[in-house]
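One is the number of the first residue; the rest follow in order along the sequence.
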Amino acid sequence: MQPDIDTFQKLTTNLEICPSGHTESKASFLKFSFSSYLEIISNISSPPIFITILNNFREKIFRASSSDGSRADPRVETLRERGATEEAPRRGDGIQERRPWSDQYDYLNTRPAELVSKKGTDGVPVMLQTNFFRLKTKPEWRIVHYHVEFEPSIENPRVRMGVLSNHANFLGSGYLFDGLQLFTTRKFEQEITVLSGKSKLDIEYKISIKFVGFISCAEPRFLQVLNLILRRSMKGLKLELVGRNLFDPRAKIEIREFKMELWPGYETSIRQHEKDILLGTEITHKVMRTETVYDIMRRCSQNPGRHQDEVRVNVLDLIVLTDYNNKTYRINDVDFGQTPKSTFSCKGRDISFVEYYLTKYNIRIRDHNQPLLVSKNKDKALKTNASELVVLIPELCRVTGLNDDMRSNFQLMRAMSSYTRMNPKQRIDRLRTFNHRLHNTPESVKVLRDWNMDLDKNVTEVQGRIIGQQNIVFHHGKVPAGENADWQRHFRDQRMLTTPSDGLDRWAVIAPQRNSSELRALLDCLYRASSGMGLRIRSPQEFIIYDDRTATYVRAMDDCARSDPKLILCLVPNDNVERYSSIKKRGYVDRAVPTQVVTIKTTKNRSLMSIATKIAIQLNCKLGYTPWMIELPLSGLMTIGFDIAKSTRDRKRAYGALIASMDLQQNSTYFSTVTECSAFDVLANTLWPMIAKALRQYQREHKKLPSRIVFYRDGVSSGSLKQLFEFEVKDIVEKLKAEYARVDLSPPQLAYIVVTRSMNSRFFLNGQNPPPGTVVDDVITLPERYDFYLVSQQVRQGTVSPTSYNVLYSTMGISPEKMQKLTYKMCHLYYNWSGTTRVPAVCQYAKKLATLVGTNLHSIPQNALEKKFYYL
C-alpha cells in the first residue's frame, strides 16, 4: 500500500507521547509532489537508509523554498507539545506546517578525525558543579522504531491515533505514535505484528506494525523522543507551557508598582554529551505585564489623523500572550478595517469573533469596535513560501517582555533583579528543588518508569581548568592582569602602549553656555588623567551654544568641521537618543570625524577622575591608537570578528560588521568595515568582500598577506550550523585559496570558530562563580564537535555565564589547549573596559559597531574611519 501525501510529511513532524493511549496531532501538507520518495520509503527496513532519504528530502524542501534567491531563516525553535490548547483563529490561504525536528536538533559532525582528544592540560585543575543531571537507563535500554499501516487507509492522523490507542495494554505503558511512526522500548516477537481495531464509527481496521530497527543514540530522533518524554513528565509539576518554556504561574511574583508579574520557570533539554545523556536545566523567568494591548491602544492619541500611526508605533513587534491558550505571538500588523464583529469561516460556516470566543472559551469581548491584531509566522512563511496569519483580539492579549523605556528605568530593573539575578548558591538550590519535585511527583515518576528511565538526584560534576593570568603589555613594561582580570589600577603608573606623537592637538568641544563650569571640571580631569598615561591633550577649540536642541549641536559640528578637527567632544544635558544619533551620524556618515558624547550627569559624578581616565583611553582609541596589548606567541596572525545587528528603523534590514586585527605582534592596529544585509538571513552573503578589504589593508601595512587567520563568528544559532558550514565556511575557504593563489602563496592556516554567548550552561566552584580563565572541555561538551566552554569575565552579581566555542573548521595545526589559550588572550583586548570580556574583543567590537549603525546611523560610515575605534 502506498502512503498518502501527508503520511510522509508526518515523518518530519513532532511526535506526541501516548502514555495512556490518548494523543492529538495536526496534519501538515506540502505544495509540491514527492511521490517518488513515498515509493522508496514504503519499503524501508534500515534506519540509516531512512535518515539518508529524509535528509535528501529536506534538502529539496530547502532549495524549493529558496527558489526566489533567498534562503529560509534557519533560526532554531524550541520543541513544544501541542494538543492541550488550541490556536487562535487563522486566516489566509497559506499552508500550515510544523517545523521539522531536525531544525531543532541540528547534528553536524565537525570534529576532525585526527583529533584524538580535545582536552587540554594547561592550567590549574578544579572540580566544577554544573546545571546538568545524568539520565540513567538500564544497560539493555533502547528505543525501537516501527512503521504502522492501516487497512483500509485512514487519512486523518487523529483517527489513526485513536484506533491504535485501543491497544495501549499491548504496546506498553509508554509509547510514542505520530500517526505513522511508532516508538517504544518494547521489541515485539514478530517482524510484522497484525492487530485489529475499531473506530468510533464502528469501522473495522487492520493494523500492521512493521519493525524498522533500533534508533542509535547518535540520531537526532533519539533525543527528540527523550525530550518529549521529559516534557510529558514535567506536566506532573503543573507547569504551564508559555512560548517555548514551562512556567509556574502559581509561584508568580507580583511587582505591583510597575504593573508586572514574574513567572518562574525552567528551560530544559536532553542531549547526548561526551559520555552520558544529560538533562540541562536552566532557571528562567517570564516577564508578564498586567496591561493588555487594548490598554496601550487607549493611551494613544485620539486624533483621527495620528491615532492609527501612533498605535502601530507602540504595538508592532510586541510579543503578547493569550491567556486562553497560553501561546505567544508577535504582532506584525493592526487591521483597522475589521472588528470582533467581523466573521471568518470555521468548520464550514461563517462565525464572528465575538461568537467564536464566547462559544469556544466562554470569553465575552467587551469592546466590539476595537481593531484586530495580525500575527504572521515569518519562519513558516519563509520556509513554505506560504502566508499563515493569526488574528488576535487586543483586549485578550497580555503584553510580555520589556520595552526600551522599561530597561532604562533603574528602579524597575533593580526590583526585577532582586528576583532574577540569582547568585550561584540560590541557583543550585533551585536546581535541586526542581530535581526533588520530579522525583516526588507521582505523575512525573510514572512517565519515567514507563520508559525505564531514572534521573540522577545529584548535579553533574566536571573537571575544569583555570588558565593562568595573562600579562598586559604597556608602553614601558607589562603587568599581570590579576586574579579578577581587572587592571584599571595600573593606569596610575603606566603609559598607554601607543599614543599620537603630537598628542591630541587639534580638537573641539561643543557645550551649552549654562554648563561652562562642568566643561571646565571635565577638561581639567582629562588633562591630569591623560598626562599620566602618556597622552598629551592640548586645549580644544570651544564652541559655546545657547540651547541644547539637536539642530543646534549639528550646526555647531558643521562650524567645527571647517577647522578640520581630529575629534569633536559634545557635552549634552541627558541621554536623548535623537540628539545622540544626530551627532554620531553627522560625525561618522557626513564628516568622517570621531565624536565623543559626555552627559552633564557624568561630569558631576564624585569619581570624575576615574571617569576621565576612561574617556582619555577612548579618545586615544578614536584617534587610531592602542592602550595596551597582550603577549601573543603567533606571528602573521589576523583575528577577525563578525556580528549582525538589525536596524531599529526597518526590521527588514540589518548591518553586518567585521573587525580584523593587523598582526598584533607588529603594530597592534585594527580594521573595521560595515555592510548592509538581510535581517532574515543568518548567512552573510556579503562576508567575503569584507574579508577581502581586510586582507588588502593587511597587505598594505605589512607588504604581505597573513599566514594565519582566526575567524570568530558571532550571532549564529546551533540550528544554523549546517547551513553555515555548507554556504559560508566552504565559500571562505575556496575564496581564500583563490586569493592567495593569485600571489603564488599557499592558503593561510584558518580556524573558523562559532561563538555562542546565549548558553544555558552554568558552572559553580564550591558554590561560587568560577574565576576568569576557567575552561571546560569534557563531559558536557558534544562528542561530534570540537568545542569548549570558557569563562573569561568576572561578575560581581548573579551567576556567570560561560561562552561556548565551536571550532567548525581548522587547519591551524595547534593543540586544543593552545586554541583555548589564544581565545582567552583575545578576551583581554576590548579597550572600552580595562578587564576581560565575555567574548573575544574582535567579536565585541563587531557587535558594538553593528549595533551603532543599526540603532543610530542607519547608513554606512565613511571609509576614512576604518582604522579608528570610532564606535567605542
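With Glu261 as the fixed residue, the side-chain hydrogen bond (donor to acceptor under 3.5 Å, both in side chains) test singles out one of His285, Arg289, Lys286, Arg398: Arg398. The residue from Asn409, Ile253, Val287 that alone fulfils the side chain to side chain contact (heavy atoms under 4.5 Å, CB included) condition with Met416 is Val287. Each of Val459, Thr460, Leu279 was checked for a side chain to side chain contact (heavy atoms under 4.5 Å, CB included) with Arg134, and the lone residue meeting it is Thr460. For the salt bridge (Lys or Arg N to Asp or Glu O under 4.0 Å) with Asp714, the lone residue among Arg838, Arg757, Lys847 that qualifies is Arg757. With Phe434 as the fixed residue, the side chain to side chain contact (heavy atoms under 4.5 Å, CB included) test singles out one of Ile283, Thr268, Asn131: Thr268.
Side-chain atoms of Thr781 never come within 3.5 Å of backbone atoms of Phe788 as a donor-acceptor pair (strictly under, hydrogens ignored). Of the possible donor and acceptor atoms, one in the side chain of Arg330 sits under 3.5 Å from a partner among the backbone N and O of Asp317. At least one donor-acceptor pair closer than 3.5 Å links the side chain of Ser444 to the backbone N or O of Ser233. The backbone N or O of Leu321 sits nowhere less than 3.5 Å from a side-chain atom of Thr328 that would complete a donor-acceptor pair. In terms of modelled atom types and a separation under 3.5 Å, the side chain of Thr837 and the main chain of Val839 share a donor-acceptor contact. Judged by distance alone, with hydrogens and angles left aside, the side-chain atoms of Asp276 form no donor-acceptor pair with the main-chain N or O of Leu278 at under 3.5 Å. Using modelled atom types, one side-chain atom of Gln426 and one backbone atom of Asn423 make a donor-acceptor pair closer than 3.5 Å.
The closest side-chain heavy-atom distance from His273 to Val779 is not below 4.5 Å. Contact annotation: the side chain of Leu396 never approaches that of Thr292 to less than 4.5 Å [non-hydrogen atoms, C-beta and beyond]. Using a 4.5 Å heavy-atom threshold, the side chains of Met260 and Leu412 count as touching. Contact annotation: the side chain of Pro249 never approaches that of Met288 to less than 4.5 Å [non-hydrogen atoms, C-beta and beyond]. For the pair Arg221 and His145, the minimum side-chain heavy-atom distance is below 4.5 Å. The shortest side-chain heavy-atom distance between Leu246 and Tyr266 does not fall under the 4.5 Å cut-off. For the pair Leu782 and Asp787, the minimum side-chain heavy-atom distance is below 4.5 Å. Using a 4.5 Å heavy-atom cutoff, the side chains of Val374 and Asn332 are not in contact.
The OH atom of Tyr294 sits 12.0 Å away from atom CD1 of Ile393, with the distance rounded to the nearest 0.5 Å. Taking CZ of Phe247 as the start and NZ of Lys252 as the end, the distance is 14.5 Å to the nearest 0.5 Å. Here SG of Cys397 is found 11.5 Å from CG of Asp295. Values are rounded to the nearest 0.5 Å. The CG atom of Asp178 sits 6.0 Å away from atom CE of Met161, with the distance rounded to the nearest 0.5 Å. If you take CG on Leu455 and CG on Leu448, they are separated by 7.0 Å, rounding to the nearest 0.5 Å. Lys360 contributes atom NZ, which lies 13.0 Å from atom CG of Asn362 (distance to the nearest 0.5 angstrom).
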- [ ] Test side chain to side chain contact (heavy atoms under 4.5 Å, CB included) on Arg232 and Leu228 and set out the steps.
- [x] CA-CA 6 Å; Arg232 177 54 60 90; Leu228 284 169; over 6 Å; no
TODO: Please lay out, stage by stage, how Met234 and Leu438 fare under the test side chain to side chain contact (heavy atoms under 4.5 Å, CB included).
DONE: CA-CA 7 Å; Met234 289 181 64; Leu438 272 179; 4.3 Å; yes
TODO: I would like to know whether Lys259 and Glu291 meet side chain to side chain contact (heavy atoms under 4.5 Å, CB included); could you show each step before the answer?
DONE: CA-CA 7 Å; Lys259 297 181 180 180; Glu291 66 176 355; 5.6 Å; no
- [ ] Could you give me the CA-CA distance, side-chain angles and deciding distance for Asp333 and Arg312, then say whether side chain to side chain contact (heavy atoms under 4.5 Å, CB included) is met?
- [x] CA-CA 7 Å; Asp333 197 7; Arg312 287 192 170 95; 3.6 Å; yes
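Applying the 6.0 Å contact sphere to CZ of Arg250 captures more than 12 heavy atoms from other residues, nucleotides or ligands. Other residues, nucleotides and ligands contribute more than 12 heavy atoms inside 6.0 Å of the NE2 atom of His439. Within 6.0 Å of atom NZ in Lys136, more than 12 heavy atoms from other residues, nucleotides or ligands are found, so the atom counts as buried in its surroundings.
Under the 4.0 Å criterion applied to side-chain N and carboxylate O atoms, Arg271 and Glu784 are assigned as salt-bridge partners.
Of all the heavy atoms in His436 and Asn440, the pair that sits closest is O-ND2, 2.7 Å. Scanning all heavy atoms of the two residues, the minimum distance from Pro424 to Gly798 falls at CD-O, 3.8 Å. Across all non-hydrogen atoms, the minimal contact from Asp456 to Asn435 is O-ND2, 2.8 Å. Of all non-hydrogen atoms in Ile365 and Glu395, the two that sit nearest each other are CA-OE2, 3.4 Å. Here the closest non-hydrogen pair linking Phe133 and Lys457 is CE2-O, 4.3 Å. Nearest heavy atom pair, residue Val755 against residue Cys843, reads CG2-SG, 4.0 Å.
A donor-acceptor contact closer than 3.5 angstrom is absent between the side chains of Arg762 and Thr799.
Between Tyr789 and Phe763, the two ring planes are perpendicular [angle over 60°; tilted spans 30° to 60°].
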